[in-house]
There are 2 protein chains.
Amino acid sequence: MARVRMRDVAEHAGVSVRTVSNVVSGYPHVSPATRERVQRSLDELGYRMDYLARGLRSGRTGFVALAVPFLAEPYFAELAQAVISAAARRGITVLVESTAGDPEVERRILSGGLTNVADGVLLSALTVPADDDAARAADFPLVMLGEHSVGDRFPRVGIDNVAAARTAVGHLVEQGCRRIVALGRNGSENGRQRTEGYRQALSAAQIRRVNWLVVPVEDWTREHGRAAVRELLDGSGPLPDGIFAFNDALAVGALAALDESGVRVPDDVAVVGIDDIQESAYTHPPLTSIAPDLDVIAERALSLLAEQEGAAGVAPREEATPYRLVVRASSLRARPGSPT
Amino acid sequence: MARVRMRDVAEHAGVSVRTVSNVVSGYPHVSPATRERVQRSLDELGYRMDYLARGLRSGRTGFVALAVPFLAEPYFAELAQAVISAAARRGITVLVESTAGDPEVERRILSGGLTNVADGVLLSALTVPADDDAARAADFPLVMLGEHSVGDRFPRVGIDNVAAARTAVGHLVEQGCRRIVALGRNGSENGRQRTEGYRQALSAAQIRRVNWLVVPVEDWTREHGRAAVRELLDGSGPLPDGIFAFNDALAVGALAALDESGVRVPDDVAVVGIDDIQESAYTHPPLTSIAPDLDVIAERALSLLAEQEGAAGVAPREEATPYRLVVRASSLRARPGSPT
DNA sequence: GCCCGCCCTTGCATCGTTGCAAAGGATCAC
DNA sequence: GTGATCCTTTGCAACGATGCAAGGGCGGGC
């Protein structure tokens, strides 16, 4: 059974192809009688739009590309789900690309690898330096998700990482922690910002510098979190009484390492993460975390894409989206400094 | 800066458009000199293929659609990652659709909602009945992932659910469990099959029927797993000494509920799940699970799609993919029946 | 020396839809 | 009654690539 084209529908309804197109696309000036007749033919023949042809002619495809480092990482999976849902509400289909954190792949995307098939690109990059050549050359609707901004040409949507980190560490301080380890430094901009927030919180609390410690990890995964904390526990230094993990995956790994070693959480060590992935409500003990509002991020990002499509010169900007501190048992100590 | 078309490249290189196309698509009969010259122009102008135009003309787009119920569920996220990686190796881009388990959406996909934009569809359905009308009418390359088969018209790729469930429950029996609860029955075909495996294992072990118990849940999520086990613990019936969760998310919820109530795992209750999501290596205690080989599933599925594109009448078949039992602490009891 | 055949290159039509702009018809006001 | 205006409908060309098939050029065989 061959494909049904507008031409077939037009013949069946006894009108021109253009009129069928008008009906399909909701053009207002079509007489009710004609609209009715065409609609019947559409239904009867089971017409389905060829999005490729429409995209080729009109220049708009109805696709948005979403590029994330690893879809299997819970945070990115949840982010992708939010984007897909938000896009569906707007009649947009999402193309998902996985960059594997490969700078080469990220660069390829920035240089337009997805341009003509997608109306816009949402990029959650790990590595691309802000002043990359490819970034400069990009001339299509692009919104950065999360941390990286690419130069000052494109808008960015995400939480304020410095403030979020400060909130998380500040919470640990409130809970009585005085020797807090930051877990997760790496080369990323994101890592720098969360490190900065950590520093600001410790400064504000007048924690002595000798008690500052930033532990680097390669990837923000459970595995690296566990390995880093194992090493920390095996080491000769004094044990921390708080761990601020740069994301929840690291925190989950940290909790596993602490559990193995019989360290009590939160009594011996309080733990807090960032992302509030679903998993975090089910760890042992449940993990305190910073919860970004993924739906807001997805909505804003799509709106910003739409804006870029419309006007030529839209002022790039940073959209700081809301977040909440979700307090769970991993950081909740018996001795409350003040009532919640 | 406008888009660079083949025409622009052709003019720049002083050849015809067709020759540029020949170079780009790797047509063999092009003189080295010409090829060289065209290639230089391609690079210099930064030509990038318009996939829409190519797709419109050639009928193939290089896209494959993947539809899963919820991308935020770890199992589906990991599956999607595997599919995206496998597709990337073949130069295919993946369109991800989230059905939210809505039968209407699944039906729409089966009735060809993605056809002309994707060369084939991978559908991981929850609800569509095997003999649905839409399923019968589908006339495009389609492969079912996971459990549901749609009539006998399309191939299915996934583990043998009955056998996998039997293996999981058999393992609990080996560990000495005698009153094993199955957690997760629902209306799905998948649920029926795992229930059947549970029954077979208990029968084989000659467990008395009074000790069989299948607990229904609405969704296979952490939350429903926790709620169901809480209810089980609050109830008046005798406690089980083993829990077979139909997937790892349920198992994670079950572990959380057991932890809350101070039930010791695996001493009081041993727990096993299916899927072996990454999270399962980090639960308290680490979760024993059945690990399907997602890479194999993704590879097979894409191969089957390609086959369907080629020949008209490919015999539909069920591809049972390999799986392993990954034993972790949640089921490993002190008293070993036999050495591993 | 001539013809045949292979290799390389090319032009044209086409995929299915929408932008553009104008034609035909009906309605309404004066 | 007549002109103007608006509403409907239409035809044509074009988006950028590839399928098809033929044309030109060159080398080799006899």
Side-chain angles (χ1 to χ4, degrees), chain A residues 1-39 41-42 45-63 91 112-119 140 309, chain B residues 1-39 41-42 45-63 91 112 114-119 140:
Chain A
M1 191 171 58
R3 170 150 210 82
V4 179
R5 297 156 301 173
M6 278 195 179
R7 203 168 114 189
D8 305 315
V9 177
E11 282 175 18
H12 187 269
V15 296
S16 74
V17 176
R18 200 61 186 76
T19 297
V20 177
S21 172
N22 285 338
V23 170
V24 170
S25 61
Y27 181 70
H29 299 303
V30 178
S31 74
T34 306
R35 182 181 299 279
E36 167 85 8
R37 192 149 38 92
V38 171
Q39 189 58 55
S41 296
L42 285 169
L45 298 180
Y47 172 78
R48 221 177 301 281
M49 170 69 75
D50 184 325
Y51 296 103
L52 259 50
R54 196 230 273 134
L56 174 60
R57 175 61 216 186
S58 72
R60 300 196 61 252
T61 59
F63 293 147
L114 298 168
T115 309
N116 69 31
V117 71
D119 296 334
F140 50 90
E309 280 183 59
Chain B
M1 190 172 56
R3 171 148 207 84
V4 178
R5 295 155 303 172
M6 277 196 180
R7 205 168 112 188
D8 304 317
V9 177
E11 283 175 18
H12 186 269
V15 296
S16 74
V17 176
R18 200 62 185 77
T19 296
V20 177
S21 172
N22 285 337
V23 171
V24 170
S25 63
Y27 181 70
H29 298 304
V30 178
S31 73
T34 307
R35 182 180 299 279
E36 167 86 8
R37 192 149 39 94
V38 171
Q39 189 59 54
S41 296
L42 285 170
L45 298 181
Y47 173 77
R48 222 176 301 282
M49 169 71 73
D50 184 325
Y51 296 102
L52 259 50
R54 199 233 267 132
L56 174 60
R57 175 62 213 184
S58 71
R60 300 197 61 252
T61 60
F63 294 147
L114 298 168
T115 310
N116 70 31
V117 71
D119 296 335
F140 51 89

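Letters go in sequence order (proteins before strands), and every chain restarts at 1. Worth knowing before you read on, the calculation uses all heavy atoms, side chains too, and leaves out hydrogens, waters and symmetry mates.
- Across the protein-nucleic acid pair, B:Met49 atom CE and D:dC15 atom P stand 17 Å apart, rounded to whole Å.
- Atom-to-atom, CD of B:Glu36 to C1' of C:dC8 comes out at 17 Å; the value is rounded to the nearest Å.
- Within 4.0 Å of A:Thr34, counting heavy atoms only, lie sugar-phosphate atoms of the nucleic acid but no base atom.
- Rounded to an integer number of Å, the gap from OH of A:Tyr51 to P of D:dG16 is 22 Å.
- For D:dT10, one of the phosphate oxygens OP1 or OP2 lies less than 4.0 angstrom from a side-chain nitrogen or oxygen of A:Thr19.
- Here the P atom of nucleotide C:dG24 and the NE2 atom of A:His29 are 20 Å apart, to the nearest Å.
- The nearest whole Å value for the distance from the CG atom in B:Leu52 to the P atom in D:dT18 is 13 Å.
- By the 4.5 Å heavy-atom criterion applied to side chains, A:Asn22 and A:Val38 are not counted as neighbours.
- Distances shorter than 4.0 Å separate none of the side-chain N or O atoms of B:Tyr27 from OP1 or OP2 on D:dG19.
- The residue among B:Arg48 and A:Arg37 whose nearest nucleotide of DNA chain D lies closer to the 5′ end is A:Arg37.
- Once rounded to the nearest 0.5 Å, the distance linking CG of A:Leu42 with CZ of A:Arg35 reads 11.0 Å.
- A donor-acceptor pair is defined here as one N or O able to donate and one able to accept, closer than 3.5 Å; such a pair exists between the side chain of A:Thr61 and the backbone of A:Val117.
- Remark: P of D:dA17 and CZ of B:Arg60 are 18 Å apart, rounded to the nearest angstrom.
- Between B:Ser58 and the phosphate of D:dT18, there is no side-chain N or O to OP1/OP2 separation shorter than 4.0 Å.
- For A:Arg18 and D:dC7, the CZ to C1' distance is 16 Å, given to the nearest whole Å.
- Side-chain contact check for B:Arg60 versus B:Arg54: every heavy-atom pair is 4.5 Å or farther apart.
- If you check distances only, the side chain of B:Arg57 does reach the base of D:dT18 with a donor-acceptor pair under 3.5 Å.
- In this structure a side-chain-to-backbone donor-acceptor pair under 3.5 Å is missing from B:Arg48 to B:Arg3.
- Rounded to an integer number of Å, the gap from CG of B:Leu56 to C1' of D:dG19 is 13 Å.
- Using a 4.0 Å heavy-atom criterion, one finds that B:Val24 contacts no nucleic acid atom at all.
- Residue A:Ser16 has its side chain nearest to D:dT10 when only D:dA17, C:dG11, D:dT10 are considered.
- Between A:Ser31 and D:dT9, a side-chain N or O to OP1/OP2 separation shorter than 4.0 Å is present.
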